[in-house]
Enquirer: 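Following this message is one structure expressed as structure tokens.
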Amino acid sequence: MIKLVGRCRVRLKEEKELLQKEYGQAIIDGHKEKIGNFKIEPPGLFRGRGTHPKMGKIKRRIMPEDVVINCSKDSKVPKPPEGHKWKEIRHDNTVTWLASWTENIMNNMKYVMLNPSSKIKGEKDWQKYETARKLKKYVDKIRATYRGDWKSKEMKVRQRAVALYFIDKLALRAGNEKEDNETADTVGCCSLRCEHVKLHDSLDGQDYVVEFDFLGKDSIRYYNRIAVEKRVFKNLKIFMENKGPEDDLFDRLSTTILNKHLQSLMDGLTAKVFRTYNASFTLQQQLDELTNENMSPAEKLLAYNRANRQVAILCNHQRAVPKSHEQQMENLQKKMDDKEAQIKEAKKLVKDAKADYKAHQSEKYRKMYERKKASLQRLEDQLQKLKLHATDKEENKEIALGTSKLNYLDPRISVSWCRKWNVPIEKIYNKTLRQKFRWAIEMAGPDFVF
DNA sequence: GCTCTTACTTAGGAGAAAATTC
DNA sequence: GAATTTTCTCCTAAGTAAGAGC
């Protein structure tokens with residue numbers, strides 16, 4: 001392993017900053033804004049996630065001749081590298097990207113866009129949460145409607161209603177169609193196949209249990225058993241009649257059809273709004289339930305993480321168990337054992353000091369006694385903290401909290417929770433997150449309700 | 001309808017950097 | 001001050017969804 005020593009590291013950091021200064025920002029409507037991905041993607045071997053049919057293909061080097069630049073007419077067009085030309089220079093102010101190219105593996109377009117801290121991204125983000133909040137007003141009616149549709153004469157309507165129920169209740173993704181054999185075999189709600197669900201008339205004391213087992217986005221496994229209403233169950237049986245395992249469960253449904261329908265129920269409503277809505281709603285409800293004023297700062301933080309965790313579980317945000325997890329838990333246990341031993345010792349000292357004080361009744365012995373008591377208290381606090389830490393860690397080993405925090409939870413909920421319970425915002429959001437959610441930090445008081 | 005293109009958000013992992021422990 | 005652990009940043013793949021054109 002190559003290890004960089006002091007000076008070399010400093011220089012590397014300086015070079016990085018220089019690069020960021022020179023290429024990492026753009027002027028948008030007169031304001032300097034950070035760009036997100038300003039470096040072109042280097043060539044290499046494509047891996048992809050899961051069993052990807054294109055794994056191992058060579059990802060070509062992108063040349064200036066592949067790159068389209070998008071900037072305003074009156075701006076200084078960035079110079080291509082010596083001896084090269086850009087593919088095109090465009091002045092399109094209806095889109096937000098600054099440069100784009102087509103990548104050769106999947107033939108997808110790639111874009112250079114602004115950092116999440118930018119005004120343009122922040123406004124979009126805010127809008128997203130406002131749409132989700134709007135759904136709150138409509139959701140009861142929509143739920144009543146899809147429940148009614150479970151009995152529709154039209155099979156298409158029934159399928160739509162059952163799919164929407166899953167999207168709402170289980171926070172499944174929409175599930176766009178994908179080209180066979182071009183990508184890993186993953187599905188979402190509308191693209192579920194019969195092989196992905198098992199129906200149990202009864203299981204573990206519950207009736208009408210649906211067992212889901214499929215690979216979702218990024219080939220992350222979704223496994224869930226859930227008791228559903230009889231009508232849903234019966235419908236699923238009908239949908240699966242005379243079908244093979246590889247046939248579509250919802251053969252009369254597509255994301256386009258579903259979203260068209262949703263659009264008719266509420267302006268701006270699409271399948272993914274349900275995920276945002278249910279995630280944010282769950283956070284708020286869990287925070288209310290789990291926080292109270294007698295909690296220490298550490299306990300409040302644990303409460304927040306637990307609320308966050310409920311959302312991550314709902315959205316199936318997983319991560320690989322960290323390699324050293326087992327070892328780390330053992331270390332923690334050992335620390336706790338040591339602490340217990342110290343506490344035992346300290347208790348003895350307190351007892352002795354108390355006896356001494358009783359015997360002598362002097363100021364000196366009283367002080368001694370007080371000191372011993374304080375140090376015992378300190379040890380007990382430390383143990384408590386270790387215990388909370390261990391619990392948090394174990395509960396969290398295969399759950400990724402970051403994704404929901406970044407993409408699904410209305411930041412105003414977190415901000416107002418912090419204000420209400422007097423928790424510094426820095427405990428919840430790091431610097432990057434605070435920049436991204438600046439709009440919310442400025443906006444939300446302690447009484448904000450999602 | 002259906003396919004293709006485009007533009008944007010959402011996702012987990014790797015490695016760097018920072019914090020903590022020894 | 002070195003080693004270890006935790007947190008953050010970067011990277012870019014993999015989704016969603018709208019619109020054009022037939």
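The sequence lines fix the lettering, A, B, ..., with proteins before strands; numbering per chain opens at 1.
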Enquirer: Short of 4.0 Å, heavy atom to strand atom, which residues of residues 429-443 of chain A count as contacting DNA chain B?
Expert: none

Enquirer: Across nucleotides 12-22 of chain C, 5' to 3', mark each nucleotide with B, S or - according to how protein heavy atoms within less than 4.0 Å reach it.
Expert: SSBSBBS----

Enquirer: Rounded to whole angstroms, how far apart are CG on A:Asn115 and C1' on C:dC8?
Expert: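 These atoms are roughly 14 Å apart.
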
Enquirer: Polar pairs (N or O, both sides) under 3.5 Å between protein and nucleotides 2-4 of chain B?
Expert:
none

Enquirer: Quick one: list whatever passes salt bridge (Lys or Arg N to Asp or Glu O under 4.0 Å) with A:Arg252, sequence neighbours left out.
Expert: none

Enquirer: Among residues at least two apart in sequence or on other chains, which ones pass salt bridge (Lys or Arg N to Asp or Glu O under 4.0 Å) with A:Arg309?
Expert: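 Only A:Asp392, A:Glu395 meet the salt bridge (Lys or Arg N to Asp or Glu O under 4.0 Å) criterion with A:Arg309.
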
Enquirer: Within the structure shown, what part of the strands sits under 4.0 Å from A:Lys427 by heavy-atom distance: base, sugar-phosphate, or nothing?
Expert: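 Touches nothing.
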
Enquirer: For A:Tyr129, enumerate each residue passing the ring pair (Phe, Tyr, Trp, His ring centres under 6.0 Å) test, keeping only those at least two apart in sequence or located in another chain.
Expert: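 With neighbours one apart ignored, the set is empty.
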
Enquirer: Name all residues meeting the side-chain contact (heavy atoms from CB on, under 4.5 Å) criterion together with A:Lys134; count only those two or more places apart in sequence or in a different chain, and write none if there are none.
Expert: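 By the side-chain contact (heavy atoms from CB on, under 4.5 Å) rule, A:Lys134 matches A:Tyr138, A:Met266, A:Asp267.
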
Enquirer: Looking at DNA chain B, which of residues 22-29 of chain A put a heavy atom within less than 4.0 Å of it?
Expert: none

Enquirer: If the condition is salt bridge (Lys or Arg N to Asp or Glu O under 4.0 Å), which residues does A:Asp251 pass it with, not counting sequence neighbours?
Expert: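 Once residues adjacent in sequence are excluded, the partners of A:Asp251 under the salt bridge (Lys or Arg N to Asp or Glu O under 4.0 Å) criterion are A:Lys243.
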
Enquirer: Mind listing the N/O atom pairs, protein and nucleotides 19-21 of chain B, below 3.5 Å?
Expert:
none

Enquirer: Near DNA chain C, counting only heavy atoms under 4.0 Å, which residues of residues 117-138 of chain A show up?
Expert: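 Per residue number, the list is empty: none.
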
Enquirer: List in chain and number order the residues that pass ring pair (Phe, Tyr, Trp, His ring centres under 6.0 Å) with A:Trp97, two or more places apart in sequence or in another chain; answer none if no residue qualifies.
Expert: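 Partners of A:Trp97 under the ring pair (Phe, Tyr, Trp, His ring centres under 6.0 Å) test: A:Tyr111.
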
Enquirer: In whole Å, what is the span from the CG atom of A:Asn407 to the C1' atom of B:dT9?
Expert: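 Distance, rounded to whole Å: 7 Å.
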
